[in-house]
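Take a look at the structure set out below.
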Amino acid sequence: MSGTSRRTLRCGELRAQHVGQRVRLGGWVHRRRDLGGIVFIDLRDRAGLVQVAVGPGAPDEVRRVAAGLASETVIDVEGDVTARPANMKNPELATGDVEVQATRLTMLGTAVTPPIPVARGKGEELPAEELRLKYRHLDLRRPEMQGNLMLRHRLLQRARKTLADLEFLEIETPILTKPTPEGARDYLVPSRVHPGEFYALPQSPQIYKQLLMVAGFDRYFQIARCFRDEDLRNDRQPEFTQVDLEASFVGVEDVIGYVEQVLVALWDEAGHAVARPFPRLTWRDATERYGTDKPDVRFDFPIADWTAQVKPLGVPFFQPALKDGARVRGLAVKGGGALSRKDVDQLAEAAKQLGAAGLAWVKRQGEQVSGSVGKHFTPEVLGALGVGDGDAALMTVGPDRVTSPVLDRVRQEIIHRLAPAPQTAHAFCWVVDFPLFEPDAETGRPVFAHHPFTAPHPDDVARLDSDPFACRALHYDAVYNGNELGSGSIRITDAAVQRRVFAHLGMTPAEAEARFGFLLSALQAGAPPHGGFAIGFDRVVMALAGAESMRDVIAFPKTTAARALFEGAPAPANPADLAALHIEVKR
RNA sequence: GGGGCUGUAGCUCAGCUGGUUAGAGUGCCGGUCUGUCACACCGGAGGUCGCGGGUUCGAGCCCCGUCAGCCCCGCCA
């Protein structure tokens, strides 16, 4: 299959079975070892490395070319595949049992000395990320990056096949869409033919896929590129890929079932067996036990409410907050005695940065109790909290909105520092029963926690106006080892309910009509019950590739300042082009 | 928008309390070498210490500003 008119097969595909054959190879000079009388060339392509030998018996022309080959030159080699003598095999190389004795050798593409190395020694540091992005064509040649992108390809194919087998139809939706006032900032595209008007790049195909359900396509999916003009993170790029799906005549169970099948297939593609169904926990339990809506449930190490046990101890650090009705919450750390004073100080510093008053700690060594609030605790009290010999307790006090993120962070840091054995390698879970509203950061007024098309929980619809914060949404998140892999919901299909929701967002009926009239009129045209999900595909690849950064699973990613260093985007526009778009730039 | 870390040879880094001519490994160039696989050995070239300003007799090192990359908070319906 890999053969062409200019090669027999790929370099990395050679095996003992090819011994005796004459082959023609094309590839990049990975490394060259010139021993004088004999030259070895490691020739590389996407399949791997093979050693080409140019010995004293090779034609003079071949020896002359081999002696002058620079790294990363593209060459065309013809030669005989020979078995290596036993003591000259290289077990670290898939092709290490054989080598190619070159009989013909030509340079196809000369290469200047690469500014960053492609071939890297064991333990050698990677070049600065800035340089890796600037010389992306070289960075992408590295076997690690080739492996990441080849895995990404296989996962994409597997997602497609899995959904197609489940009778989902792959349908494309527009990239030039309508700006939306809510949610993330839009990337805007000016219209040439309509002065002063703009398209937006989609933040997700949300409304389109709902329209496809109204149109009767029943099950839709798309490998969708999405765009959000927000500040970036290690796992957030301004353009990213979702495995987006939507289905009709479904409930929460159906959608969760489809998504589990896709995720299990993707993990299988990467060689990991994962059991279904995934465990579920409610949003309330997740935030109570883990302090976050994306808990890492690989570790059975929950946050506990210790208010009842700690309040009677009269610890000065806790008293003022306890008077205001706050709770003391903490973590019983098995083996926490191993945490150094420096560890604890750093944890406390991190806690303060997240708004905690501080982080109180106690260590128990037999009958000895020490720590910042140690003198208030006895072994008996600690035992009741689950803190045994050699363990530690870390705790803080305050409103849940502060203690939850603080203890989430502390819990993650402790897992990182003490590196306990996980109970499972691949811990999926569903977080369900999210609240429909959350308080606005400034006004405290209820605002939608998700997008405004999410259906309220049927048991809570009656409380929509009277007690909005108590209303749950038919919204669910897929979480893997503490990472949110995606979210979805059952949608509102009643136009009247959808109008009420828009009114909740502070939109007048006229505004709702102007912004979402096309959705409202669709819902009145006979809308089936429907719901869906979007899997953050880049995060899936990150997890399965073991990549530290999303940039390592995207061929041409942006920097944290949303720049493309390779091609140099964004860039100032030509004044004539701006004029044609009716745009004047103020600086 | 805010905070932190980093920026010294092509690359990865060291550079003490501010003090003479800024170092190492690797890559590159030249040489020796017939079994290496990060080949080995000998020799050599290579520096706007990110950029701008300031303090000082003197700045890679201290101060201010700025740019870039990375990490985090805000943000991401």
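Only a predicted model underlies this, so the values are computations on that prediction, with no experimental measurement involved. Just so we're on the same page: letters track the sequence lines, and every chain starts at 1.
Pairing of B:G25, defined by two Watson-Crick or G-U wobble distances under 3.5 Å, is identified with B:C11. For B:G18, there is no paired nucleotide, since no Watson-Crick or G-U wobble pair has both relevant distances below 3.5 Å. Base pairing analysis places B:C5 opposite B:G69; the two distances defining the Watson-Crick or G-U wobble pair are each below 3.5 Å. Under the Watson-Crick or G-U wobble criterion, with both distances below 3.5 Å, B:U34 has no partner in any strand shown.
Of the candidates B:G10, B:C70, B:G27, B:G27 carries the atom nearest the A:T113 side chain, counting heavy atoms from C-beta on. For A:R236, taking side-chain heavy atoms from C-beta onward, the closest of the listed nucleotides B:C37, B:C72, B:G74 is B:G74. The side chain of A:P127 has B:C11 as its nearest neighbour among B:C75, B:A38, B:C11. Picking from B:U12, B:G35, B:A68 the nucleotide with the shortest atom distance to the side chain of A:L131 gives B:U12. Distances from the side chain of A:N234 to the nucleotides B:U34, B:U12, B:C72 place B:C72 closest. For A:A128, the side-chain atoms get nearest to B:U12 when compared with the rest of B:U12, B:C33, B:U36. For A:Q51, whose side chain is taken as the heavy atoms from C-beta onward, the closest listed nucleotide among B:C37, B:U12, B:A68 is B:C37.
Across the interface with RNA chain B, nearest-nucleotide mapping of A:R31 and A:E438 shows A:R31 to be the residue nearer the 5′ end. Each of A:K558 and A:K89 has a nearest nucleotide on RNA chain B; the 5'-most of these lies closest to A:K89.
Looking at every heavy atom in both residues, A:P456 comes nearest to A:V461 through CB-CG2, 4.1 Å.
At B:C39, one or more side-chain N or O atoms of A:R33 fall inside 4.0 Å of OP1 or OP2 (strictly under the cut-off). Taking side-chain N and O atoms only, A:R233 has a distance below 4.0 Å to OP1 or OP2 of B:C73. Close to B:C71, at under 4.0 Å from its OP1 or OP2, lies a side-chain N or O of A:R551.
Residue-environment remark: CD (A:E548) stays at or below the threshold of 12 foreign heavy atoms within 6.0 Å.
Nucleotides B:A24 and B:G47, compared at atom P, are 15 Å apart to the nearest Å.
A donor-acceptor pair is defined here as one N or O able to donate and one able to accept, closer than 3.5 Å; no such pair exists between the side chain of A:R411 and the backbone of A:Y290. In this structure a side-chain-to-backbone donor-acceptor pair under 3.5 Å is present from A:R185 to A:D229. No donor-acceptor pair under 3.5 Å is formed between the side chain of A:R463 and the backbone N or O of A:F469. A donor-acceptor pair is defined here as one N or O able to donate and one able to accept, closer than 3.5 Å; no such pair exists between the side chain of A:S487 and the backbone of A:Y476.
With rounding to whole Å, A:K134 atom NZ is found 18 Å from B:G7 atom P. Atom CD in A:E130 sits about 9 Å away from atom C1' in B:G50, given to the nearest Å. Per the geometry, CG belonging to A:L133 stands 16 Å off C1' belonging to B:C11, to the nearest Å. When rounded to the nearest whole Å, the span between CZ of A:R63 and P of B:C33 equals 11 Å. The distance between atom CG of A:D34 and atom P of B:C42, rounded to the nearest whole Å, is 17 Å. As a whole-Å value, the separation of A:L49 CG from B:C37 C1' is 10 Å. Put simply, OH on A:Y187 is 15 Å from P on B:C76, counting in whole angstrom units. Nucleotide B:A40 holds its C1' atom 8 Å from the CG atom of A:L35, rounded to whole Å.
One can find a donor-acceptor pair under 3.5 Å joining the base of B:G74 and the side-chain atoms of A:D231. Checked by distance alone, A:R84 brings a side-chain donor or acceptor within 3.5 Å of a matching partner on the base of B:C37. Looking at A:E124, its side chain has no donor and acceptor atom pair within 3.5 Å of the base of B:U26.
Between the side chains of A:R44 and A:Q146, no donor-acceptor pair of N or O atoms lies under 3.5 Å.
Within the 4.0 angstrom heavy-atom criterion, no nucleotide atom of any strand lies near A:A119.
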